[in-house]
Amino acid sequence: KNEVEQSPQNLTAQEGEFITINCSYSVGISALHWLQQHPGGGIVSLFMLSSGKKKHGRLIATINIQEKHSSLHITASHPRDSAVYICAVRGYGGSQGNLIFGKGTKLSVKP
Amino acid sequence: NAGVTQTPKFQVLKTGQSMTLQCAQDMNHEYMSWYRQDPGMGLRLIHYSVGAGITDQGEVPNGYNVSRSTTEDFPLRLLSAAPSQTSVYFCASSRTVTNSPLHFGNGTRLTVT
């Protein structure tokens with residue numbers, strides 16, 4: 001079993017729809033990252049969470065430490081949101097340097 | 001502000017050749033790391049560093065060497081390239097080991113024939 005599982009693997013939405021991408025993990029973590037990889041290949045950091053909820057524009061990320069689960073929400077989706085969204089977790093103590101990644105969720109938003 | 005600079009963007013090697021992928025950051029970041037990305041596998045950590053002179057292995061370190069002689073630079077060396085090392089490589093840095101967002105380079109597409 002992978003330590004970081006993302007769902008769904010692929011997601012197609014119509015412009016304007018509310019989108020949710022899920023990330024579940026099985027290890028204790030000190031932080032969770034949400035990343036966006038554009039079709040051209042570049043990777044940008046969207047959020048870093050250790051508790052609660054963060055919002056940036058139309059993007060919202062939440063984390064539930066007890067349930068070992070995080071969600072990334074996109075409100076009023078737009079074709080420019082089409083990308084691969086990647087969840088990554090960082091462990092504690094001696095494993096803090098180690099990041100474990102999910103396999104990504106490929107989002108396609110149709111106009 | 002250049003951020004994280006990775007070179008080269010593309011490279012083709014023959015089996016057995018050696019090469020160095022360069023990674024430099026100008027943000028005085030403590031943490032630097034190398035990943036490879038393969039289809040269906042997601043990103044996997046090769047090596048990381050939590051400061052100058054300190055490096056450690058990630059999930060897939062075999063066949064790769066790193067060093068961190070300065071805060072700015074974190075080169076990745078392939079000593080004897082193998083076709084299994086064909087991949088896209090990313091370098092990333094963050095201000096601290098924990099609780100800091102990651103900054104990624106633009107990636108290097110490496111093909112080993």
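What's counted below: heavy atoms across the whole structure, side chains too, no hydrogens, waters or symmetry copies.
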Q: Give a yes or no on whether Leu76(B) and Val4(B) share a hydrophobic cluster (residues Ile, Leu, Val, Met, Phe, Trp, Tyr; joining criterion: side-chain heavy atoms under 4.5 Å apart).
A: no
Q: With rounding to the nearest 0.5 Å, note down the distance linking NE2 in His33(A) to OG in Ser100(B).
A: 8.0 Å
(Q) Is Leu35(A) close to chain B through its backbone or its side chain, or both, or neither, when contacts mean heavy atoms under 4.5 Å? (A) side chain
Q. Rounded to the nearest 0.5 Å, how far does CZ of Phe101(A) lie from CD of Glu59(B)?
A. 10.0 Å
Q) CG of Leu99(A) to OH of Tyr48(B): how many Å apart, nearest 0.5 Å? A) 10.0 Å
Q: Using the rule that two of Ile, Leu, Val, Met, Phe, Trp, Tyr join whenever any of their side-chain heavy atoms come within less than 4.5 Å, decide whether Leu72(A) and Ile65(A) are in one cluster.
A: yes
Q | Contact origin within Gln37(B) toward chain A - heavy atom pairs under 4.5 Å | A | side chain
Q | Joint cluster assignment, Leu45(B) & Tyr64(B), ILVMFWY side-chain distance < 4.5 Å | A | no
Q.
I'd like to know if Val4(A) and Met48(A) are part of one continuous hydrophobic network [Ile/Leu/Val/Met/Phe/Trp/Tyr, side-chain heavy atoms within less than 4.5 Å].
A. no
Q: May I ask you to establish whether Arg90(A) and Tyr31(B) are in a cation-pi arrangement, using a distance under 6.0 Å from NZ or CZ to the six-membered ring centre and at most 45° from the ring axis?
A: yes
Q) Counting distance only, does the side-chain N/O of Arg44(B) pair as donor-acceptor with the main-chain N or O of Ile100(A) below 3.5 Å? A) no
Q: May I ask you to check whether over 12 heavy atoms, not counting those of Arg58(A), lie within 6.0 Å of atom CZ?
A: yes
Q.
Membership question, hydrophobic clusters at under 4.5 Å side-chain separation (ILVMFWY): are Trp34(A) and Val109(A) in the same one?
A. yes
**Q.** Partner chain B: residue of Gly102(A), Ala88(A), Ser50(A), Ser45(A) with the largest heavy-atom pair count (under 4.5 Å)
**A.** Ser45(A)
Q: Starting from the C-alpha separation in whole Å, work towards a yes-or-no answer on side chain to side chain contact (heavy atoms under 4.5 Å, CB included) for Leu43(B) and Ile43(A).
A: CA-CA 11 Å; Leu43(B) 286 153; Ile43(A) 301 173; 3.9 Å; yes
(Q) Need one label for Gln37(A): side chain, backbone, both or neither, based on atoms under 4.5 Å from any heavy atom in chain B. (A) side chain
